[in-house]
Amino acid sequence: MHALVALLLDTGLRIEEALSLQRDQLDLENLLVKVKGKGEKHRIVPMSFELRKVLYRWLSRHESSRIFPTVQGRRLTQRKLLRDLKLLGKKLGVNGVRVSFHTFRHTFAVNYLRSGGNLFYLSKILGHSSVTTTERYLQSLGVEDLRAVHDRLSLLSNAR
């Protein structure tokens with residue numbers, strides 16, 4: 001679960017994209033994930049050095065060609081994983097937030113924008129066919145988020 005959640009939070013992948021990943025789709029040297037997304041569209045998604053360490057440790061624990069296999073080497077199902085995720089959320093006392101795999105995708109997108117990330121790049125990373133789909137994540141940003149980005153990007157603030 002740790003490796004899966006780290007992957008989702010670091011890349012914004014859909015849960016089905018993550019569960020479908022094969023070893024040959026990871027380029028750990030260049031920190032890239034080759035994803036086959038919705039509509040059989042392929043895209044390249046960057047990953048962090050920290051995620052590479054997590055995945056390297058995880059992959060050293062099994063020989064399957066799948067990144068996230070069952071004990072028998074088959075494909076994990078989203079349904080059983082979601083059950084386990086919800087149980088973990090309860091155990092950790094997570095309240096007031098929907099515990100779901102899509103929540104990690106949403107968290108990735110909002111954090112990317114809060115950090116000053118480009119909406120067009122985010123759209124490419126998430127595999128959206130239109131930037132208007134990605135714009136929905138902007139609704140989660142508040143005035144404080146806008147102020148923080150403005151302070152960081154302002155020509156007058158940076159002239160000091």
Side-chain angles (χ1 to χ4, degrees), residues 1-130 133-141 145:
M1 187 66 75
H2 174 255
L4 178 61
V5 169
L7 175 73
L8 298 175
L9 282 172
D10 195 60
T11 63
L13 295 184
R14 296 173 181 97
I15 185 62
E16 287 301 319
E17 294 169 341
L19 295 179
S20 299
L21 282 177
Q22 303 280 327
R23 281 180 189 259
D24 64 357
Q25 291 175 268
L26 292 181
D27 182 350
L28 295 176
E29 189 172 313
N30 294 304
L31 303 175
L32 299 171
V33 182
K34 298 166 192 155
V35 181
K36 185 158 93 174
K38 274 185 170 178
E40 303 293 306
K41 293 178 187 170
H42 295 269
R43 69 185 191 279
I44 305 291
V45 176
M47 74 170 94
S48 68
F49 185 75
E50 291 305 312
L51 177 60
R52 179 176 94 161
K53 290 192 279 188
V54 170
L55 290 175
Y56 185 81
R57 281 192 303 269
W58 171 247
L59 292 170
S60 68
R61 297 176 63 188
H62 69 82
E63 297 294 320
S64 176
S65 62
R66 296 184 184 282
I67 304 301
F68 301 106
T70 64
V71 175
Q72 297 83 18
R74 294 192 203 107
R75 189 177 188 280
L76 281 172
T77 63
Q78 186 180 158
R79 188 174 183 181
K80 289 180 182 174
L81 281 171
L82 183 57
R83 178 201 62 207
D84 294 347
L85 180 67
K86 288 183 182 280
L87 286 171
L88 182 60
K90 273 187 182 175
K91 187 176 178 181
L92 294 173
V94 176
N95 296 309
V97 176
R98 184 178 77 154
V99 177
S100 74
F101 291 111
H102 192 77
T103 303
F104 296 121
R105 182 171 165 87
H106 181 82
T107 300
F108 166 81
V110 171
N111 185 60
Y112 186 92
L113 292 171
R114 280 187 177 140
S115 299
N118 178 304
L119 187 66
F120 179 74
Y121 292 159
L122 177 61
S123 183
K124 290 285 188 200
I125 291 168
L126 295 177
H128 291 159
S129 55
S130 168
T133 305
T134 314
E135 285 176 344
R136 292 182 199 152
Y137 292 106
L138 290 171
Q139 295 170 357
S140 298
L141 300 179
D145 297 310

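Here, residue 1 is the first one in the sequence, and each next residue gets the next number.
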task: Determine the minimum heavy-atom distance between S65 and Q22, stating which atoms define it.
output: OG-OE1, 3.1 Å
field: Among L7, D10, V35, L31, the one residue meeting side chain to side chain contact (heavy atoms under 4.5 Å, CB included) with V45
entry: V35
- prompt: Is it true that a side-chain atom of S115 and a backbone atom of G117 form a donor plus acceptor pair closer than 3.5 Å?
  reply: no
- request: Please name the residue in the list L26, V54, N30, D27 that meets the side chain to side chain contact (heavy atoms under 4.5 Å, CB included) test with M47.
  value: L26
query: Considering residues at least two apart in sequence or located in another chain, which fulfil the side-chain hydrogen bond (donor to acceptor under 3.5 Å, both in side chains) criterion with S60?
result: none
- line: Residue set satisfying salt bridge (charged side-chain N to carboxylate O under 4.0 Å, His left out) with R23, at least two apart, ordered chain then number -> none
field: From CA spacing to verdict: side-chain contact (heavy atoms from CB on, under 4.5 Å), K36, E17
entry: CA-CA 7 Å; K36 185 158 93 174; E17 294 169 341; over 6 Å; no
task: Output yes when a side-chain donor or acceptor of Q25 lies under 3.5 Å from a complementary backbone atom of K34, and no otherwise.
output: yes
task: For W58 and L4, indicate whether the former's side chain and the latter's backbone hold a donor-acceptor pair under 3.5 Å.
output: no
Which atom pairs, one a donor and one an acceptor, fall under 3.5 Å between side chains of residues 91-99 and the rest of the protein, sequence neighbours left out?
| from | atom 1 | to | atom 2 | distance (Å) |
| --- | --- | --- | --- | --- |
| N95 | ND2 | G93 | O | 3.3 |
| R98 | NE | S100 | OG | 3.3 |
| R98 | NH2 | S100 | OG | 3.3 |

message: Measuring from atom CG of L19 to atom CG of L8, what distance do you get when rounded to the nearest 0.5 angstrom?
response: 8.0 Å
task: Report the C-alpha distance between L82 and F101 in whole Å, list the side-chain angles of each, state the deciding distance to 0.1 Å, and finish with yes or no for side-chain contact (heavy atoms from CB on, under 4.5 Å).
output: CA-CA 7 Å; L82 183 57; F101 291 111; 4.0 Å; yes
Atom pair CZ/CG of F68 and L21 - distance to nearest 0.5 Å: 7.0 Å
- line: Rounded to the nearest 0.5 Å, the CZ atom of F108 sits from the CG atom of L13 at a distance of 8.5 Å
task: Give a yes or no on this: more than 12 heavy atoms of other residues, nucleotides or ligands lie within 6.0 Å of atom NE2 of H42.
output: yes
- prompt: How many angstroms lie between atom NZ of K86 and atom CG of D84, to the nearest 0.5 angstrom?
  reply: 12.0 Å
- prompt: What distance separates T103 OG1 from I15 CD1, expressed to the nearest 0.5 Å?
  reply: 11.5 Å
Which residues share a side-chain hydrogen bond (donor to acceptor under 3.5 Å, both in side chains) with S129, sequence neighbours left out: none
message: Would the distance check show the side chain of R105 and the main-chain N or O of L126 forming a donor-acceptor pair, the cut-off being under 3.5 Å?
response: yes
Which atom pairs, one a donor and one an acceptor, fall under 3.5 Å between side chains of residues 118-125 and the rest of the protein, sequence neighbours left out?
| from | atom 1 | to | atom 2 | distance (Å) |
| --- | --- | --- | --- | --- |
| N118 | OD1 | F120 | N | 2.6 |
| N118 | OD1 | Y121 | N | 3.1 |
| S123 | OG | T134 | OG1 | 3.1 |

message: How long is the straight-line distance from CZ of F49 back to CG of L28, given to the nearest 0.5 Å?
response: 10.5 Å
field: Partners passing salt bridge (charged side-chain N to carboxylate O under 4.0 Å, His left out) against E50 (at least two apart in sequence or in another chain)
entry: K53
